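All remarks here apply to the structure that follows.
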Amino acid sequence: MKLFDDLKWRGLIKDITSDDLEQKLNEETLTFYWGTDPSAESLHLGHLSSLLTAKRLKDAGHHPILLVGGATGLIGDPRPSKERQMITKESLLKNYEGIKNQITTLFGYEIVNNYDWSKEINFIDFLRDYGKYFNVNYMLDKDIIKRRLENGITYTEFSYMIMQALDFLYLYENKNCQLQVEGSDQWGNITAGVELIRKKIGKEAYGFTMPLVTDASGNKFGKSEGNALWLDKNKTSSYELYQFLVNVEDEMVISYLKIFTFLSKDEIEQLAEDHLKNPHLRHAHRALAQELITFIHGTEEYLKALKISQSLFSGNFEALNAQEIKEALKDVPNFKFALNDNVLNVLINNNICISKREAREFIANHSITINNKKIIDENYLITNKDLIGEEILIIRRGKKKYYLGIK
RNA sequence: GGAGGGAUAGCGAAGUGGUUAAACGCGGCAGACUGUAAAUCUGUUCCUUCGGGUUCGAUGGUUCAAAUCCAUCUUCCUCCA
């Protein structure tokens, strides 16, 4: 299958700036860029679809440049709702380093920082050399700006689009970068760049956007309990990732396989068929977890996540010895406890519950188990006989949340 | 600079002196059913030593009693200049 058709089949193309792009992608060798602002220390699952698309393009022979926005990050891309809180220069720098390292480790692609070229532009030159190419009416017409006019937008964020357009121009002129690939929220910024390149140097540049990855209810994909799932395994363990992926809604799993794995069309169609026949076996979910985790953290991490999940959810972890459990559960939240303490205290002191009231509620609902035994008495004391190997304790809250207690 | 209207729990939104720890919806959490899925149903959603304590933008006041009345401040919106 040709590259463009593959991208389309995977649902990775939302808008393209020109129909010529199909042929260019299929037949030429392009330099392209994808950018993100360093607004956190680590990338998260939401970024991964773009990064994987970049890899798909690279594998098809195109040259990727990944831009980390040391300059644009200081300004803030307008969100549809309201003005952003500006990030300090110090934390931006810290985030920049984190993300740069992450991308380098994962992909090893060329990384550029738009601060390097943006910092030199002085205000008067900016207005004379670039400002003249931007018609305010045109900018106001962009969807993202239009939406913000109702709630107000500052000049700072209004200018973001210009900075990103400058990036594209700079990369076009200095690195022969002809294509920008971003998530669909970047459409306005991409077209601003394409337009600038056309007006200022009379050249044709291209862009396409990828649809926002969502869950079945249309929310942004990649959050668990309101927290982002990070690509940094110290922030989100491979076990957590595995759990998230294996619990993905059935109706979404196939589209995620297309977006987040490098499995072929045949392989994915086979999984779709398996899934339809035997949904409870969840072959598609398992494949998604395996492919994704192996890609970002490696086989060893994947096997670890799998082993932990299996031992926890098969319910026979009592057969394991303390050392095995400790190793397997290294990534679930840990806590210390004292013997002969009341179960309520243990739950509260270790953030398993947020208050005594809640802890009582969980116990009344039969939601708490210790070593797979339901605790129904809120005065239950934890004693030596609850310990596995005389030192550890496994507390489960609800069906899926595990906590490992170490004496 | 002027006039008016807002600010209530994670979000949206009722509530205009006492029976209001604050309706309702969403979201969250848990239980049942399942497949560690979805849908559905049920419960729950400030803290508590279960006596009570602390909450409705902030501070101060009136009152036996305030989310509700008054003053000042902060902040958002609309209109006018």
Side-chain angles (χ1 to χ4, degrees), chain A residues 79-85 147-154 157 214-229 237-257 271-272 274-290 292-293 302 305-317 328-329 331-333 341-345 347-370 372-379 394-403:
Chain A
R79 281 191 289 217
S81 49
K82 56 171 192 250
E83 197 84 3
R84 282 172 196 267
Q85 184 83 34
R147 287 209 254 172
R148 280 289 296 278
L149 288 179
E150 289 164 32
N151 299 318
I153 179 167
T154 62
E157 289 195 358
T214 61
D215 64 19
S217 12
N219 301 311
K220 259 192 200 170
F221 172 80
K223 298 216 162 162
S224 162
E225 300 202 24
N227 299 315
L229 289 153
S237 68
S238 31
Y239 164 73
E240 282 174 83
L241 268 183
Y242 185 91
Q243 284 302 313
F244 175 79
L245 295 167
V246 137
N247 281 302
V248 146
E249 300 108 316
D250 283 17
E251 52 187 300
M252 300 307 289
V253 68
I254 299 302
S255 69
Y256 294 157
L257 279 168
L271 283 166
D274 284 357
H275 178 71
L276 217 60
K277 277 189 207 145
N278 293 303
H280 61 284
L281 296 179
R282 290 184 294 169
H283 284 309
H285 292 82
R286 289 174 208 279
L288 176 66
Q290 175 173 2
L292 198 153
I293 295 170
Y302 162 70
L306 182 67
K307 185 182 167 197
I308 299 170
S309 298
Q310 280 173 346
S311 41
L312 288 180
F313 289 96
S314 63
N316 68 356
F317 53 80
L329 300 192
D331 285 333
V332 311
D341 203 357
N342 181 296
V343 66
L344 284 178
N345 292 333
L347 293 175
I348 297 155
N349 295 339
N350 300 298
N351 296 321
I352 298 170
C353 304
I354 57 163
S355 70
K356 192 165 269 191
R357 207 220 79 258
E358 191 184 78
R360 287 199 172 112
E361 186 187 319
F362 284 137
I363 290 174
N365 283 339
H366 297 189
S367 312
I368 301 290
T369 71
I370 291 181
N372 221 21
K373 284 192 294 286
K374 276 200 162 62
I375 301 301
I376 50 174
D377 175 11
E378 62 176 58
N379 297 314
I394 301 169
I395 295 186
R396 193 182 77 192
R397 192 196 100 193
K399 266 181 218 163
K400 299 174 194 169
K401 275 175 226 72
Y402 285 90
Y403 303 84

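The structure displayed is predicted, hence computed values, not measured ones.
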Could you measure between the two [atom1] atoms, the one in [N] and the one in [M], and give it in whole Å?
| N | M | atom1 | value |
| --- | --- | --- | --- |
| B:U48 | B:G10 | C1' | 22 Å |
| B:A21 | B:G15 | C1' | 14 Å |
| B:C70 | B:C24 | P | 29 Å |
| B:G57 | B:G5 | C1' | 16 Å |
| B:U59 | B:A13 | P | 24 Å |

Atom-to-atom span, [atom1] of [X] to [atom2] of [N] - whole angstrom:
| X | N | atom1 | atom2 | value |
| --- | --- | --- | --- | --- |
| A:Arg286 | B:G35 | CZ | C1' | 9 Å |
| A:Phe221 | B:A37 | CZ | P | 17 Å |
| A:Asp215 | B:G27 | CG | C1' | 13 Å |
| A:His366 | B:A32 | NE2 | P | 10 Å |
| A:His283 | B:G35 | NE2 | C1' | 12 Å |
| A:Leu245 | B:A37 | CG | P | 15 Å |
| A:Phe313 | B:G35 | CZ | P | 15 Å |
| A:Gln243 | B:G35 | CD | C1' | 13 Å |

**Q.** For A:His275, all residues meeting ring-ring contact (aromatic ring centres under 6.0 Å, His included), sequence neighbours excluded
**A.**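 Result, ring-ring contact (aromatic ring centres under 6.0 Å, His included) vs A:His275: A:His285.
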(Q) Tell me every residue that passes ring-ring contact (aromatic ring centres under 6.0 Å, His included) with A:Phe221, counting only those two or more places apart in sequence or in another chain. (A)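 Partners of A:Phe221 by the ring-ring contact (aromatic ring centres under 6.0 Å, His included) criterion, ordered by chain and then number, come out as A:Phe244, A:Tyr256, A:Phe260.
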**Q.** Summary of protein contacts for nucleotides 38-43 of chain B, nucleotide by nucleotide, where a base hit scores B, a sugar-phosphate-only hit scores S (4.0 Å, heavy atoms)
**A.** S----B
Q) Considering residues at least two apart in sequence or located in another chain, which fulfil the side-chain contact (heavy atoms from CB on, under 4.5 Å) criterion with A:Ala359? A)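 So A:Ala359 forms a side-chain contact (heavy atoms from CB on, under 4.5 Å) with A:Leu344, A:Leu347, A:Ile348, A:Cys353.
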Q) Using a cut-off of 4.0 Å on non-hydrogen atoms, how would the nucleic acid contact of A:Val253 be classed: base, sugar-phosphate, or nothing? A)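 If one applies the 4.0 Å heavy-atom cut-off, A:Val253 turns out to touch nothing in the nucleic acid.
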[X] to [Y] - nearest heavy-atom pair and separation:
| X | Y | answer |
| --- | --- | --- |
| A:Pro279 | A:Asp250 | CB-OD2, 4.4 Å |
| A:Ser309 | A:Tyr242 | OG-CD2, 3.1 Å |
| A:Lys400 | A:Tyr239 | O-OH, 4.1 Å |
| A:Asp377 | A:Val343 | O-CG1, 3.9 Å |

Q. Given B:A30, is OP1 or OP2 found less than 4.0 Å from the side-chain N or O atoms of A:Arg397?
A.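 Yes, such a contact exists.
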Q) Within less than 4.0 Å of OP1 or OP2 of B:U36, is there a side-chain N or O belonging to A:Lys401? A)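 Checking B:U36 against A:Lys401, no side-chain N or O comes under 4.0 Å of OP1 or OP2.
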Pairs: protein N or O with nucleotides 46-50 of chain B N or O, under 3.5 Å:
unit_1, atom_1, unit_2, atom_2, d
B:C47, OP1, A:Ser355, OG, 3.0
B:C47, OP2, A:Arg357, NH1, 2.8
B:U48, OP1, A:Lys356, N, 3.0
B:U48, OP2, A:Lys356, N, 3.3
B:U48, OP2, A:Arg357, N, 3.0
B:U49, OP1, A:Lys356, NZ, 3.0
B:U49, OP2, A:Arg360, NH1, 3.4
B:C50, N4, A:Arg360, NH1, 2.7

Q.
Does B:G51 count as syn, meaning its glycosidic angle lies within 90° of 0, or as anti?
A.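 This nucleotide is in syn.
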Q. Which pairs count as side-chain hydrogen bond (donor to acceptor under 3.5 Å, both in side chains) when at least one residue sits in residues 358-368 of chain A, sequence neighbours excluded?
A.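 Found A:Arg357-A:Glu361, A:Arg360-A:Glu378.
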Q. Counting side-chain heavy atoms from C-beta on, which of B:G35, B:C33, B:U36 comes nearest to A:Tyr242?
A.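 Of the options given, the side chain of A:Tyr242 lies nearest B:U36.
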